[in-house]
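Following: one structure in structure tokens, then a few remarks.
Everything numeric here is computed off the predicted structure, so don't read it as measured data. No hydrogens, no waters, no symmetry mates; every other heavy atom, side chains included, goes into these values.
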Amino acid sequence: MTHRGIALLAALAFASGCSDSTTEPIVGFDGALSFTYTGGGGGTHNASGDFTSQGQLGTSSWAVGTRQEADGLLGVVSVQPRSSTTHDFTILAVTRLTPGSSGVGAGCDPDVDVDCTGIVFYRGVSNSGFTYDFFCVLTTGSVAISSISTTRAQGTFSGTGFCYDFDGEEQPFTATNGTFNVALISDTQFPG
């Protein structure tokens, strides 16, 4: 998988929301990602379930990761339904493939960057992917990998940053009690 693997997972998540097929989990790629947050509407993001390549974003909750050897990067993506027409979406990237901690890089956008540790959270994204309630990004904090293999990764995260509503208004954002435990999917396992 190239360094764009996280962006690919993100694109796959948005594309799956446009599918007309029924939700069919790919068995064995189960995962979970959760955290509590203030700012951006506040609440708890708690996504868990089998990675769904053809499901509807508004009705399927899942979390999955990717191990990108060439870039020394672990990526994790999660989706949690908010309503039948919206969902919450998290992208986490860690610049390590061994147990240990990495600091969040200010200005890191794991959608695009491959050389930094970062977390972004979209709240209330329309299933068409064109609007959202809040876009939140951590600018300080850390991500710790407690265990990692070729098939699974587990760890914790927390930090502070900012949220922006759809109109660009900024507010403080804090993520606490963050955990992830995900199966790792490779580029050969992407449907296609």
- With distance as the sole test, does N127 use its side chain to make a donor-acceptor pair with the main-chain N or O of S84 at under 3.5 Å? yes

- Task: Please round to the nearest 0.5 Å and tell me the distance separating atom CG of L97 and atom CD1 of I145.
- Result: 6.5 Å

- Message: Can a side-chain donor-acceptor contact be found between T176 and S158 if the only test is distance below 3.5 angstrom?
- Response: no

- Note on the structure: Residues R67 and T150: closest non-hydrogen pair is NH1-N, 4.2 Å

- May I ask whether I91 and F135 are part of the same hydrophobic cluster, defined by side-chain heavy atoms of I, L, V, M, F, W, Y residues being less than 4.5 angstrom apart, directly or through others? yes

- Flag side-chain contact, heavy atom, 4.5 Å: F121 against F173: yes

- Among V76, L74, T151, V64, which residue meets the side-chain contact (heavy atoms from CB on, under 4.5 Å) test with L184? L74

- Message: Under a 3.5 Å threshold, yes or no: a donor from one side chain and an acceptor from the other, between T174 and T160?
- Response: no

- Task: Begin with the C-alpha distance, continue with both residues' side-chain angles, and end with the deciding distance and a verdict on side-chain contact (heavy atoms from CB on, under 4.5 Å) for T36 and T44.
- Result: CA-CA 4 Å; T36 302; T44 300; 3.9 Å; yes

- Message: Working note: D30 + R152, criterion side-chain contact (heavy atoms from CB on, under 4.5 Å); need CA distance, chi angles, decisive distance, verdict.
- Response: CA-CA 10 Å; D30 66 313; R152 199 147 197 96; 3.5 Å; yes

- Query: Is V77 close to W62 at the side-chain level, that is, under 4.5 Å between some pair of heavy atoms?
  - Reply: yes

- Message: For T117 versus S102, what's the shortest heavy-atom pair and its separation?
- Response: OG1-CB, 3.4 Å

- Item | Closest contact, heavy atoms only, F157 versus T179 | CE2-N, 3.7 Å

- OG1/T66 to CD1/I185 distance, rounded to the nearest 0.5 angstrom? 8.0 Å

- Flag the pair V137 / V120 as yes when at least one side-chain heavy-atom distance between them is below 4.5 Å, and no otherwise. yes

- Between D88 and R82 the two heavy atoms that sit nearest each other are OD2-NH2, 2.7 Å

Report, one line per pair, each donor and acceptor closer than 3.5 Å where one atom sits in a side chain of residues 161-171; sequence neighbours left out.
| from | atom 1 | to | atom 2 | distance (Å) |
| --- | --- | --- | --- | --- |
| Y164 | OH | E170 | OE1 | 3.2 |
| D165 | OD1 | D167 | N | 2.9 |
| D165 | OD1 | G168 | N | 2.9 |
| D165 | OD1 | E169 | N | 2.9 |
| Q171 | OE1 | G40 | N | 2.9 |

- Identify the two heavy atoms, one from L138 and one from A175, that lie closest to each other, and give their separation to 0.1 Å. CD2-CB, 4.2 Å

- Between I148 and A153 the two heavy atoms that sit nearest each other are CG1-CB, 4.0 Å

- Does S101 offer a backbone N or O that forms a donor-acceptor pair with the side chain of R96 under 3.5 Å? yes

- Short question: side chain of S61, backbone of S48 - any donor-acceptor pair under 3.5 Å? yes

- Query: Roughly how far apart are N181 CG and S146 OG, rounded to 0.5 Å?
  - Reply: 8.0 Å

- Query: In terms of ring plane angle, is the pair H45 and F35 parallel, tilted or perpendicular, where the classes change at 30° and 60°?
  - Reply: tilted

